[in-house]
Amino acid sequence: MVCAEPKPGLHHLFRVRPYDLAATLDSGQAFRWTQSSGSWTGVVGGRWVRLRSCAEGIAAETAAPVKDWGWLGDYLQVQVDLNRVLDTLPPHPQLASALTQHRGLRLLRQDPWECLASFILSSTKQIKQIKQIVERLCREHGDRVPTPATEPEAWSFPVAGRVADLRETDLRAMGMGFRAPHLLRAAQAVASGSMDLEGLKRLSLAEARASLMNLPGVGRKIADCVLLFSLGFDEAFPVDVWVMRALKSAWFPNRSPSLKELVRFSESHFGPHAGYAQQYLFHQARSNSSFPRLKVIT
DNA sequence: GTCCAGGTTCACG
DNA sequence: CGTGAACATGGA
């Protein structure tokens, strides 16, 4: 695939491998990427971005000139030596199969507020619905961001202060249901500074997790998503229904451990980059069974 | 119409 | 400490 770079400042090539862009952007960690004719469009750091994977790595395109592409490289985690990270995971047939099948799937480094808000909205919702509700929140309360003339409009994710100024009824009107008060409280906490998301990076995993779990509507699973997908805690290991099934079938085929036991198991079994194992297991579980897009017609 | 979705919380035994 | 139900909404 060719990665031509006609307009200086609007294009950049990240030389990185392996990188499975589709798996990474569509594996349920971020909710704002859409695929169209082989490329992916989204909004990162208030900028419209289009990404395409090519032989050398990832070709990026923006709508406005960019001098320093660090913000995007950081988001995409292109500096991570993925093979070395994956080498630290314990050997196990099912996990090895996931690593082989989807090698190149990476963890992103998202904006903590966007990540927290998105996962507060995620509870007992299908990924498709999460994408819809997040997009609606952006469209109604985010800011327009510049896009190429031929592209559809795009909006930034609304800052916490913007959401904090809304009322619960406004949020419920967007279809958030019982999650509405949770999102509002989180927005107020972040906007007021009583919840310092960036500051959590300086705490231990347990301390940062406990802090997040003080927010209403944020339990262990959502806290771990935020820790793993936005704050750089590679050891965080969110256990949702999919990961629970994967753990049971691969490590406990003859009985049905409780969620608590599985969480305890995950804490001691996968090592310092446990979150990568989690993401591969999650993605494989969804791809193999009922990933709607990939459902095989037999 | 029924079941379930990248959960959390609270009441009850 | 473990289990079960409520919580809103919409896709499959």
Side-chain angles (χ1 to χ4, degrees), chain A residues 23-33 98 102 105-108 110 112 114-137 140 167-186 189 209-231 233 236-249 255-266 274-298:
Chain A
T24 301
L25 299 182
D26 201 26
S27 63
Q29 32 178 342
F31 302 101
R32 300 204 62 202
W33 293 97
H102 302 288
L105 166 59
R106 290 177 183 244
L107 295 173
L108 297 168
Q110 302 178 57
E114 176 173 342
C115 187
L116 172 62
S118 299
F119 278 98
I120 284 175
L121 295 175
S122 77
S123 81
T124 52
K125 268 195 178 301
Q126 300 176 178
I127 289 181
K128 179 169 188 174
Q129 292 180 274
I130 303 167
K131 290 178 178 173
Q132 288 171 359
I133 196 83
V134 167
E135 203 52 34
R136 186 167 178 189
L137 179 64
E140 295 186 16
R167 293 164 308 183
E168 186 182 321
T169 51
D170 301 327
L171 298 175
R172 283 185 184 270
M174 280 185 265
M176 294 179 185
F178 62 82
R179 305 160 196 83
H182 300 156
L183 178 64
L184 185 56
R185 292 279 297 277
R209 177 185 286 140
S211 178
L212 286 168
M213 289 176 67
N214 280 329
L215 294 169
V218 178
R220 169 70 181 241
K221 188 267 170 183
I222 291 177
D224 276 27
C225 286
V226 177
L227 295 167
L228 182 62
F229 301 144
S230 75
L231 296 173
F233 288 92
F237 194 101
V239 180
D240 74 317
V241 291
W242 293 98
V243 173
M244 190 157 72
R245 287 173 200 149
L247 291 177
K248 280 181 183 175
S249 77
R255 60 195 187 89
S256 192
S258 68
L259 170 61
K260 180 169 275 187
E261 185 181 347
L262 291 173
V263 168
R264 200 161 51 230
F265 170 75
S266 73
Y276 280 85
Q278 180 276 157
Q279 198 60 15
Y280 276 85
L281 291 172
F282 174 80
H283 192 249
Q284 167 155 280
R286 290 188 71 233
S287 317
N288 287 351
S289 48
S290 58
F291 205 156
R293 272 192 315 103
L294 301 178
K295 183 167 283 188
V296 177
I297 295 145
T298 53

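Worth knowing before you read on, the calculation uses all heavy atoms, side chains too, and leaves out hydrogens, waters and symmetry mates. Reminder, nothing fancy here: chain letters follow the sequence lines and each chain counts from 1.
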> Looking only at side-chain N and O atoms, does A:Lys260 come under 4.0 Å of OP1 or OP2 in C:dG2?
Replying inline: yes
> Using a cut-off of less than 4.0 Å, is there contact between a side-chain N or O of A:Arg286 and OP1 or OP2 of B:dA5?
Replying inline: no
>> Both A:Val239 and A:Gly217 contact DNA chain B. Taking the nearest nucleotide for each, which residue is further toward the 5' end?
In response: A:Val239
> Of the nucleotides B:dG7, C:dT3, C:dG11, which has the atom closest to the A:Ser258 side chain?
Replying inline: C:dT3
>> Between A:Phe31 and A:Ile133, is the side-chain contact (heavy atoms from CB on, under 4.5 Å) condition met? List the steps.
In response: CA-CA 10 Å; A:Phe31 302 101; A:Ile133 196 83; over 6 Å; no
> Which part of the nucleic acid, if any, lies within contact of A:Phe31, taking any heavy atom under 4.0 Å across all strands shown: a base, the sugar-phosphate backbone alone, or nothing?
Replying inline: nothing
>> Counting C-beta onward and ignoring hydrogens, is there a side-chain heavy-atom pair between A:Val218 and A:Val226 closer than 4.5 Å?
In response: no
> Taking atom P in both B:dG13 and C:dA6, what distance in whole Å separates the two?
Replying inline: 15 Å
> Under 4.0 Å between a side-chain N or O of A:Arg172 and OP1 or OP2 of C:dA8?
Replying inline: yes
>> A quick test of your reading: do over 12 heavy atoms of other residues, nucleotides or ligands sit less than 6.0 Å from CZ of A:Arg167?
In response: no
> Around A:Arg172, counting heavy atoms of other residues, nucleotides and ligands shown, do more than 12 lie under 6.0 Å from its CZ?
Replying inline: yes
> Does a side-chain N or O from A:Lys125 land closer than 4.0 Å to OP1 or OP2 of B:dC4, or not?
Replying inline: no
